[in-house]
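What follows is a short report on a single structure.
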Amino acid sequence: MVSETNQSKNVCVIGAGPSGLVAARELRREGHKVVVLEQNHDIGGQWLYDPNVEGEDPLGRNPWLKVHSSIYESLRLMSPREVMGFTDFPFLVKKSRDARRFPSHRELLLYLEDFCEWFRLREMIKFNTKVHYVGPLNYAVSEDLKWAVRSKEKKSEEVVEQVFDAVVVATGHYSKPRLPSIQGMDKRRRKQIHSHIYRSPEPFRGERVVVVGNSFSGQEISMELVKVAKEVHLSSKSLDIYDGLSKLISKHENFHLHPQIDTLQEDGNVIFTDGSSILADTVLYCTGYNYSFPFLDTKGVVVVDDNRVGPLYEHTFPPLLAPSLSFIGIPKKILGLPFFESQGKWIAQLLSGKKVLPSCEEMVKSIEQFYHSKEVAGIPKRYTHDIEGFEYCDKYGENVGFPKLEEWRKELTISAVVNCFVNLETYRDSWDDDEKVQEALRSPYFTQLGVELEDPSL
């Protein structure tokens with residue numbers, strides 16, 4: 001829906017990662033006054049690598065984590081750079097930087113810094129400022145709801161409270177460890193850590209390591225560990241694995257695949273559901289992450305239930321509090337940056353009055369139908385925000401006339417995923433979609449800034 005009014009709101013964005021940065025840009029473009037509160041010393045969010053994990057709980061059980069980033073030292077992007085950029089700011093190869101199609105995490109951070117500089121976003125950001133509380137100031141007045149935001153700078157003891165017309169939560173979802181429930185887990189005396197604080201394989205040299213979880217992180221961390229560990233034992237829900245992982249296991253005599261863990265014993269023995277066991281020095285959980293908003297007090301309106309954040313209309317707006325409270329970056333298994341951009345545009349235009357949400361009743365009904373469709377399909381609640389496809393992103397963008405993802409972008413994304421499944425160890429350095437890469441580089445998307453391009457496929 002479209003409205004004729006145009007209002008300027010005072011908006012707080014929490015987090016200066018990719019979603020927070022693009023939200024701030026879209027909000028300012030729409031005429032709003034924006035303050036971004038970022039707990040770290042620089043932009044980047046998850047992409048701001050932090051090697052210092054000494055003070056963090058190995059299993060990340062504290063709701064207030066000391067370390068935000070879960071990135072490990074050698075991590076490279078899983079998607080090719082051509083598909084990852086915002087719609088008006090391509091992820092170009094820069095001279096004297098990592099020119100690979102699948103560059104290191106550092107290169108994406110530098111891209112975000114370039115984005116910040118190009119659009120002059122830093123002037124909106126307050127760094128080293130941790131948000132401790134966000135709550136409605138006048139909850140009963142839904143038409144003109146205000147928000148109290150309390151924050152504290154790192155070097156100060158003073159908690160500062162500010163009042164905003166709207167709050168955009170952009171804190172990411174790859175920080176709070178999700179742990180399995182395994183018999184004996186609390187009694188095990190030997191080392192247990194979550195991949196949130198994994199940084200390099202060196203501390204595991206000569207060890208017998210059990211890696212729990214056959215996700216991409218579990219596979220990639222195992223791939224590093226086999227080079228230094230005495231043995232790596234990957235525990236998976238299913239023993240039906242892709243060719244890429246199968247090739248890797250057959251290549252290394254010290255790499256073994258197991259079913260799920262039945263019991264962890266105090267002395268370090270790990271017993272699997274097939275009755276086999278291994279005396280493990282370390283159990284490393286690559287079991288994913290939970291959504292967590294320890295600062296947010298909505299009086300129970302928004303809750304996280306088995307990793308479902310809800311109720312949220314279109315994964316973004318809580319019907320009773322929208323549009324003054326919104327979440328950006330909740331969906332997973334999507335091309336993140338373009339989607340975050342479309343979210344930012346919609347939020348900004350709703351706050352200015354240019355667009356109008358459906359009624360609260362209509363939004364609640366839509367959410368109920370969505371939940372029901374997941375239930376009928378047998379999809380567990382914890383996968384509510386897994387999108388896995390381009391259609392939803394294109395449909396979402398229609399709310400603000402956001403351009404559909406280019407076909408070359410979709411095809412290159414799929415091509416990379418397929419190559420990863422077949423060639424886990426080499427897909428980042430060897431591919432067969434060069435023609436499609438050339439098509440992408442010739443498109444208006446890559447020529448819009450008027451700069452000379454370097455070909456990342458060379």
Side-chain angles (χ1 to χ4, degrees), residues 12-29 34-51 67-129 131 168-175 327-332 334-345 347-348 393 405 409 413 445-446 448-449 451 453-454 456:
C12 176
V13 176
I14 304 174
S19 60
L21 292 174
V22 75
R25 186 191 68 170
E26 296 304 325
L27 287 161
R28 187 172 66 181
R29 278 180 167 176
V34 185
V35 174
V36 182
L37 300 181
E38 169 53 51
Q39 63 181 339
N40 277 316
H41 66 281
D42 204 353
I43 62 104
Q46 192 61 230
W47 299 100
L48 183 62
Y49 174 65
D50 185 353
V67 178
H68 179 73
S69 176
S70 300
I71 284 175
Y72 49 91
E73 186 178 4
S74 67
L75 183 139
R76 290 171 64 185
L77 304 189
M78 290 180 58
S79 298
R81 68 192 309 142
E82 305 91 47
V83 309
M84 292 196 65
F86 296 114
T87 63
D88 56 359
F89 199 76
F91 190 3
L92 301 173
V93 174
K94 295 291 187 77
K95 289 182 179 177
S96 303
R97 294 214 321 226
D98 189 345
R100 293 174 295 180
R101 281 192 73 204
F102 298 80
S104 71
H105 59 82
R106 170 71 178 163
E107 187 65 17
L108 184 54
L109 177 64
L110 292 174
Y111 165 77
L112 294 173
E113 289 181 355
D114 292 341
F115 180 75
C116 248
E117 183 179 349
W118 187 272
F119 294 104
R120 299 197 300 276
L121 303 182
R122 283 186 181 272
E123 60 199 47
M124 292 187 281
I125 306 171
K126 287 186 67 177
F127 292 107
N128 294 311
T129 304
V131 173
V168 179
V169 179
T171 50
H173 50 72
Y174 290 114
S175 292
F327 295 78
I328 185 167
I330 294 290
K332 296 186 281 189
I334 54 169
L335 281 177
L337 273 59
F339 185 75
F340 303 157
E341 188 178 348
S342 67
Q343 286 188 293
K345 284 184 184 294
I347 292 166
C393 299
L405 291 169
R409 200 189 286 250
T413 301
Y445 173 71
F446 277 100
Q448 62 183 298
L449 298 182
V451 296
L453 298 179
E454 293 184 32

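Hydrogens, waters and symmetry mates play no part in the numbers below; they use all other heavy atoms, side chains included. Note that the structure is predicted; figures quoted are calculated from it, not measured.
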Handout entry: Validation row: P338, L405 side chains within 4.5 angstrom (heavy atoms)
Key = yes
Problem - Gap separating the CD1 atom of I330 from the NE2 atom of H173, nearest 0.5 angstrom - result: 7.0 Å
Problem - Rounded distance [0.5 Å steps], CD in E107 versus CG in L109 - result: 9.5 Å
Exercise for the section: Report yes or no: does H68 contribute a side-chain atom to a donor-acceptor pair with the main-chain N or O of S175 at less than 3.5 Å? Expected result: no
Problem - Sub-4.5 Å side-chain heavy-atom contact between F91 and L108 - result: yes
Handout entry: Nearest heavy atoms of R409 and T413, plus distance in Å
Key = O-OG1, 2.7 Å
Exercise for the section: Measure the shortest side-chain to side-chain distance between Q39 and T171 over non-hydrogen atoms and say whether it is less than 4.5 angstrom. Expected result: no
Exercise for the section: Decide yes or no for E113 and R122: does some side-chain heavy atom of the first lie under 4.5 Å from some side-chain heavy atom of the second? Expected result: yes
Handout entry: Separation between CD1 of I71 and NE2 of H105, rounded to the nearest 0.5 Å
Key = 6.0 Å
Exercise for the section: State, to 0.1 Å, how close F446 and L92 come at their nearest heavy-atom pair, and which atoms those are. Expected result: CD2-CD2, 3.7 Å
Practice task
Indicate yes or no for a side-chain donor-acceptor contact from Q46 to the backbone of S70 under 3.5 Å, with no hydrogens or angles considered.
Solution key: yes
Exercise for the section: May I ask you to establish whether R25 and F89 are in a cation-pi arrangement, using a distance under 6.0 Å from NZ or CZ to the six-membered ring centre and at most 45° from the ring axis? Expected result: no
Exercise for the section: Compute both the distance and the angle, then confirm whether R76 meets the cation-pi test with F102: under 6.0 Å from the six-membered ring centre, within 45 degrees of the axis. Expected result: no
Exercise for the section: Determine whether V13 and V34 make a side-chain contact, defined as any pair of heavy atoms from C-beta on separated by less than 4.5 Å. Expected result: yes
Fill in the blank from the handout: Rounding to 0.5 Å, atoms CZ (F327) and CD (Q343) come to a distance of 11.5 Å
Exercise for the section: Check whether any side-chain N or O of R81 sits under 3.5 Å from a backbone N or O of R100 as a donor-acceptor pair, and report yes or no. Expected result: yes
Practice task
Please round to the nearest 0.5 Å and tell me the distance separating atom CG of D50 and atom CG of L48.
Solution key: 7.0 Å
Exercise for the section: State the SG-CG distance between C12 and L37, to the nearest 0.5 angstrom. Expected result: 4.0 Å
Fill in the blank from the handout: Note: A16 and V36 closest approach over all heavy atoms is CB-CG1, 4.0 Å
Handout entry: Option passing ring pair (Phe, Tyr, Trp, His ring centres under 6.0 Å) with F86 (candidates F340, F115, Y445)
Key = F115
Handout entry: Contact summary for C116 and L21, nearest pair of heavy atoms
Key = SG-CD2, 3.6 Å
Problem - Closest approach of S104 to D98 (non-hydrogen atoms, all atoms of both residues) - result: N-OD2, 2.9 Å
Exercise for the section: Answer yes or no: is there a side-chain heavy-atom contact under 4.5 Å between H41 and F127? Expected result: no
Problem - Residues which pass salt bridge (Lys or Arg N to Asp or Glu O under 4.0 Å) with R28, listed by chain and number, not counting sequence neighbours - result: E123
Exercise for the section: Start with the C-alpha distance between V22 and L337, add both sets of side-chain angles, then the distance that settles side-chain contact (heavy atoms from CB on, under 4.5 Å), and finish with yes or no. Expected result: CA-CA 8 Å; V22 75; L337 273 59; over 6 Å; no
Practice task
Compare all side-chain heavy atoms of I328 with those of E26 and state whether any distance is below 4.5 angstrom.
Solution key: no
Practice task
Evaluate side-chain contact (heavy atoms from CB on, under 4.5 Å) for M124 paired with F119, printing each intermediate quantity in order.
Solution key: CA-CA 11 Å; M124 292 187 281; F119 294 104; over 6 Å; no
Practice task
Using a 4.5 Å cut-off on heavy atoms from C-beta on, say whether the side chain of E341 contacts that of K345.
Solution key: yes
Problem - Salt bridge R29-D88, side-chain N to carboxylate O under 4.0 Å - result: yes
Fill in the blank from the handout: Minimal heavy-atom distance between L121 and I125, with the atoms involved, is O-CG1, 3.6 Å
